[in-house]
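Both backbone and side-chain heavy atoms feed into the values below; hydrogens, waters and symmetry mates do not.
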Amino acid sequence: IVFRLVVLVLAWYQAKCKHIICGRCLHRADTDVGIFELISDNSDIFTDVSCIPTTNPCFYLSPDFNYNTDGYDGDAAEDHKSQDGSETMPFIDESPTMSPSLCARGPDGEAISPIPPEGLLPGVKGSGDEEELVLSGFLASEEIYIKQLEALLLPMRPLKATATTSQPVLTIQQVETIFYKIQDIFEIHKEFYDSLLPHIQQWDEKVAVGHLFKKLASQLGVYKAFVDNYKTAVETAEKCSQANTQFQKISEVSVGLSLSLSRTRATLLYKPIDRVTRSTLVLHDLLKHTPKDHPDFPLLQDALRISQNFLSSINEEIDPRRTAITTPKGEARQLVKDGFLVEMSEGSRKLRHVFLFTDLLLCAKMKKTSAGRQQQYECKWYIPLADLTFQLLDDSDVCPHIQVLPEHEIEEIKIKISVIKSDIQKEKKALKGQSRNVERLRKKMNEQESWLLLHSPTIPFRIHNKHGKSYLFLLSSDYERSEWRESIQKLQKKDLQTCQLSSVELQVLTSSCCKLRTVHNIPVTSNKDDEETSGLYGFLHVIVHSAKGFKESANLYCTLEVDSYGYFVSKAKTRVFRDTIEPQWNEEFEIELEGSQCLRILCYEKCYDKTKLNKDDNEIVDIIMGKGQVQLDPQTVQSKNWHVDVIEMNGIKVEFSMKFTSRDLSLKRTPSKKQSGVFGVKISIVTKRERSKVPYIVRQCIEEVEKRGIDEVGIYRISGVATDILALKAAFDTNSKDILVMLSDMDINAIAGTLKLYFRELPEPLLTDRLYPAFMEGIALSDPAAKENCMMHLLRSLPDPNLITFLSLLEHLKRVADKEPINKMSLHNLGTVFGPTLLRPSESEVTKGHITLASDIWSHDVMAQVQVLLYYLQHPPISFAELKRNTLYFSTDV
């Protein structure tokens with residue numbers, strides 16, 4: 001009964017929509033047939049559906065007013081099949097070279113007036129205003145599109161109803177797969193239509209509609225989900241139609257869905273994406289007819305940019321023709337991978353765009369072009385994959401000198417970028433309409449980020465031409481290097497023949513790169529849309545639990561990478577778990593995030609064979625057993641509870657947990673509830689209780705670092721294992737008798753991390769909240785003598801326990817910096833690590849400064865905080881006794 005009711009409802013809906021369908025059961029479809037008339041006049045529909053056509057149904061809708069181009073026509077598309085016979089999405093031309101003509105076509109192909117059919121838009125009259133014509137025509141086609149979506153949705157509700165009965169037509173999962181996101185798309189366009197209609201009915205030149213188009217464009221993520229599910233939906237529908245006669249009959253009745261007909265199915269299920277294409281063309285026309293000083297102009301520009309980027313991403317994923325070029329011999333040369341890499345060329349760093357094709361690797365440089373002209377590439381070199389090898393350096397090879405900038409310079413650039421970001425946000429909030437200032441700041445930020453992208457990579461990626469020279473790229477991530485190497489090696493498994501391109505062939509291939517490329521801009525945040533998330537700022541706590549799936553015992557460890565300023569950097573590393581197939585690390589790390597959106601985990605097998613070690617310090621020779629990544633969704637990780645997840649990589653499963661603490665929360669200092677402890681307790685209370693001038697925890701950590709960690713590369717910069725740090729914290733808080741034994745056995749980075757954690761958890765910074773504004777003013781003084789007097793006077797103003805502890809730490813950090821050639825930690829590096837920990841704005845200062853964004857909090861005074869500590873680190877030795885003697889000659893008021 002339910003099945004027959006579904007058939008009845010579908011048939012009635014078609015009659016109501018005035019669809020003309022061959023067959024005696026719906027012969028009165030040209031009139032407005034009521035449901036009860038349909039039942040009485042066509043009672044045979046309950047017993048006989050054989051009259052419904054299965055080969056050529058006459059399905060008719062009023063001619064759709066549209067913006068036609070020479071590209072894909074959704075209503076007359078051919079049957080899109082891939083080589084394996086599966087359904088594929090039709091190609092979209094998302095970047096027309098010129099604005100499309102404003103026209104519609106009748107059934108005979110003749111161009112017709114762009115005025116929408118009468119009756120579609122009540123209250124809208126034709127006029128000479130081209131912008132109104134564009135909008136009116138688009139609104140008419142939007143109404144038809146909404147009806148098409150309704151037709152697609154019509155079978156969904158009754159099919160869902162039957163799914164809960166004892167004899168379902170389809171399961172709930174099958175229904176949700178076939179109709180995935182169509183309801184959401186319908187609601188988005190219904191809301192858009194209802195909002196736009198009143199504006200068109202009461203049109204004048206002052207009407208603003210740009211915000212509606214921008215909102216529509218910002219919801220394209222729903223379409224992305226629809227596209228990702230498209231192939232699965234079509235395959236599911238096809239299988240259900242073949243296996244289930246009831247569903248097949250419903251499909252045949254529902255010619256609005258036509259799941260039994262390959263061509264119509266591909267066309268109608270493609271309607272949502274086809275709609276985005278048409279919307280993009282409309283945006284072109286609207287911009288052409290909208291004055292630049294109209295409020296709609298920047299909004300329409302944003303909507304067009306978002307739409308074009310969306311269509312580009314869809315093309316890259318669904319259309320192999322988009323990434324291929326035909327050679328003169330008629331062979332298809334397909335683009336497999338491309339991206340921006342830093343090449344070492346003639347002793348200097350050059351940013352290149354590298355293209356990996358099915359038979360060769362091409363390295364290109366972007367030519368400088370004047371504004372408005374199409375971008376062009378210049379080929380620097382290419383290597384046939386048949387001749388390409390990966391070559392490690394032998395003892396006889398000369399290692400090219402890789403110039404690595406001091407880390408403090410990298411950190412200073414990051415701080416400058418953060419300050420510029422903060423300035424851009426302030427300009428936008430000011431609402432002064434000074435777009436020139438914002439553009440100037442964006443340009444400045446782009447320059448700084450591009451410089452950072454060029455100079456930060458240090459991991460070498462060498463490729464060699466068997467018949468020619470070798471080339472060296474520098475990457476920031478071993479994950480990225482592994483992806484390039486694996487992509488090339490996968491292609492080399494095929495029977496490749498070496499190829500020699502003529503100058504004409506090379507020119508054609510290089511020219512095609514602009515069309516074929518999948519990466520359009522260098523990966524810097526200044527190239528991202530304002531609508532795109534800025535990432536997370538704060539601390540990500542990650543516990544790497546265990547791994548399973550190894551077939552043989554090995555020495556295994558993991559590294560963690562996060563993205564920052566457009567590139568990935570390695571942030572943490574687990575210990576090596578020896579000779580096992582199921583390593584149990586259970587190590588926790590605290591990773592600082594700077595606008596990060598993604599976490600990568602790489603699993604390695606440790607190489608202990610010294611003959612395989614490379615002379616280059618940056619070369620990683622350990623074998624990557626697997627790699628994977630996870631998006632850092634703010635809603636998922638911003639929780640007090642741990643989020644447990646698993647990354648699958650090459651048959652290996654790595655289990656980990658993570659939680660996130662934002663920057664604004666990390667600024668808050670919470671006093672310890674246990675006054676008997678040392679963490680979170682005022683330094684004056686601790687020293688008075690211990691009857692010491694410097695807290696015991698500070699003395700012991702400094703002593704242990706100087707004993708066996710002063711030569712450790714990256715001491716104080718590399719994170720220690722969080723579980724070890726927490727164990728030391730608990731030991732110091734309880735005054736355990738085993739502290740000295742624990743310190744001697746503990747990893748030195750954990751001890752360094754414990755010292756940093758102690759200073760970070762003080763109820764107020766070591767240099768005090770009260771003096772913070774004065775320190776900021778003092779470091780900004782330009783006169784050297786005035787700065788000297790002020791900075792020394794501020795030290796004298798500190799409480800004695802704070803001052804003595806600070807001077808002890810100062811001398812320790814200087815001794816660490818003396819070993820910079822070995823440990824790579826300069827005074828600048830140490831100032832960057834400790835500056836924001838010892839000197840931070842109080843919560844009242846933050847509130848007073850009206851800092852709201854996490855990125856603003858991060859950049860707020862950070863440069864000055866580093867400079868304050870650096871000033872004292874670079875100062876000749878400071879004596880506590882000398883400072884106190886000079887107190888007699890200076891006022892203690894600040």
Side-chain angles (χ1 to χ4, degrees), residues 408 669 681-688 690 692-699 701-702 706 716 755-756 758-818 826-842 844-845 860-894:
H408 70 86
R669 294 173 179 261
V681 180
K682 287 184 178 180
I683 197 168
S684 57
I685 295 176
V686 174
T687 52
K688 185 177 180 180
E690 295 177 351
S692 62
K693 295 180 179 180
V694 178
Y696 178 71
I697 182 175
V698 176
R699 300 198 313 270
C701 289
I702 287 177
E706 292 189 359
Y716 288 119
L755 182 61
K756 290 189 294 181
Y758 170 74
F759 286 119
R760 191 161 68 236
E761 291 195 357
L762 285 173
E764 70 169 350
L766 188 65
L767 300 186
T768 73
D769 290 332
R770 182 176 68 90
L771 295 178
Y772 179 80
F775 275 113
M776 294 298 98
E777 293 174 7
I779 199 63
L781 294 174
S782 55
D783 181 72
K787 180 183 287 189
E788 167 80 10
N789 289 334
C790 180
M791 298 302 281
M792 292 301 110
H793 177 56
L794 288 172
L795 284 186
R796 286 188 291 269
S797 303
L798 287 170
D800 282 359
N802 297 57
L803 176 57
I804 297 172
T805 301
F806 178 69
L807 294 178
S808 299
L809 178 64
L810 211 60
E811 293 308 308
H812 165 64
L813 295 180
K814 287 181 180 180
R815 289 191 289 271
V816 172
D818 289 340
S826 64
L827 290 176
H828 288 82
N829 290 346
L830 294 166
T832 301
V833 170
F834 278 93
T837 299
L838 303 177
L839 193 70
R840 288 189 183 185
S842 63
S844 59
E845 286 291 325
H860 182 70
D861 287 346
V862 167
M863 190 181 296
Q865 294 161 13
V866 172
Q867 290 300 320
V868 167
L869 182 56
L870 189 59
Y871 179 86
Y872 291 122
L873 286 171
Q874 294 174 335
H875 196 278
I878 303 170
S879 164
F880 174 78
E882 186 67 24
L883 280 173
K884 285 302 177 182
R885 277 199 298 272
N886 291 338
T887 304
L888 299 173
Y889 305 104
F890 294 92
S891 167
T892 57
D893 294 334
V894 178

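- Judged by distance alone, the side chain of Arg840 and the main-chain N or O of Pro765 form no donor-acceptor pair under 3.5 Å.
- Here Tyr872 pairs with Phe806 under the ring-ring contact (aromatic ring centres under 6.0 Å, His included) rule; sequence neighbours left out.
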### Task
Run the numbers on Val868 and Met791 for side chain to side chain contact (heavy atoms under 4.5 Å, CB included), then give the verdict.
CA-CA 9 Å; Val868 167; Met791 298 302 281; 4.1 Å; yes

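- Side chains of Pro799 and Thr768 form a contact here, defined as non-hydrogen atoms less than 4.5 Å apart.
- Taking the six-membered ring for Trp and the full ring otherwise, the centers of Tyr716 and His812 sit less than 6.0 Å from each other.
- Considering CG of Leu766 and CG of Leu798, their distance stands at 7.5 Å, rounded to 0.5 Å.
- Here the CD1-CD1 distance, from Ile683 to Ile697, works out to 10.5 Å after rounding to the nearest 0.5 Å.
- Scored by the side-chain contact (heavy atoms from CB on, under 4.5 Å) test, Ala780 finds no partners at all (sequence neighbours excluded).
- Residue pairs meeting the salt bridge (Lys or Arg N to Asp or Glu O under 4.0 Å) criterion with at least one member in residues 797-815, sequence neighbours excluded: Glu706-Arg815, Asp800-Lys884, Glu811-Lys814.
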### Derivation of the side chain to side chain contact (heavy atoms under 4.5 Å, CB included) call for Arg699 and Ser692
CA-CA 10 Å; Arg699 300 198 313 270; Ser692 62; 3.5 Å; yes

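- In terms of heavy atoms, Pro836 sits closest to Gly831 at CD-O, 4.1 Å.
- For Lys756, the NZ atom counts as densely surrounded, since its 6.0 Å shell holds more than 12 non-hydrogen atoms of other residues, nucleotides or ligands.
- Minimum heavy-atom separation, Ser826 to Ala817: C-CB, 4.3 Å.
- Contact of the Val698 side chain with the Ser808 side chain is not registered, since no non-hydrogen atoms from C-beta on lie closer than 4.5 Å.
- What you find for Tyr758 and Pro695 is that their closest heavy atoms are OH-CG, 3.5 Å.
- Taking CG of Leu810 as the start and CG of Leu803 as the end, the distance is 10.0 Å to the nearest 0.5 Å.
- In this structure a side-chain-to-backbone donor-acceptor pair under 3.5 Å is missing from Asn802 to Leu767.
- Heavy atoms only, all atoms of each residue included: Leu794 and Leu771 are closest at O-CD1, 3.7 Å.
- Of the possible donor and acceptor atoms, one in the side chain of Glu690 sits under 3.5 Å from a partner among the backbone N and O of Tyr696.
- A pairwise comparison of heavy atoms in Leu830 and Leu869 identifies O-CD2, 4.1 Å as the closest pair.
- Considering every non-hydrogen atom in both Met792 and Tyr871, the closest pair reads CE-CE2, 4.3 Å.
- Leu838 contributes atom CG, which lies 10.0 Å from atom CD of Gln865 (distance to the nearest 0.5 angstrom).
- Atom CG of Leu827 is separated from atom OG1 of Thr832 by 10.5 Å, given to the nearest 0.5 angstrom.
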### Query
Is there a side chain to side chain contact (heavy atoms under 4.5 Å, CB included) between Leu839 and Met776 once you walk through the steps?
CA-CA 10 Å; Leu839 193 70; Met776 294 298 98; 3.6 Å; yes

### Task
Start with the C-alpha distance between Glu788 and His875, add both sets of side-chain angles, then the distance that settles side chain to side chain contact (heavy atoms under 4.5 Å, CB included), and finish with yes or no.
CA-CA 10 Å; Glu788 167 80 10; His875 196 278; 3.1 Å; yes

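- Using a 4.5 Å heavy-atom cutoff, the side chains of Val694 and Ile702 are not in contact.
- Of the possible polar contacts, one joining the Thr687 side chain to the Ser684 backbone as a donor-acceptor pair under 3.5 Å is found.
- Taking CZ of Arg760 as the start and CZ of Phe834 as the end, the distance is 10.5 Å to the nearest 0.5 Å.
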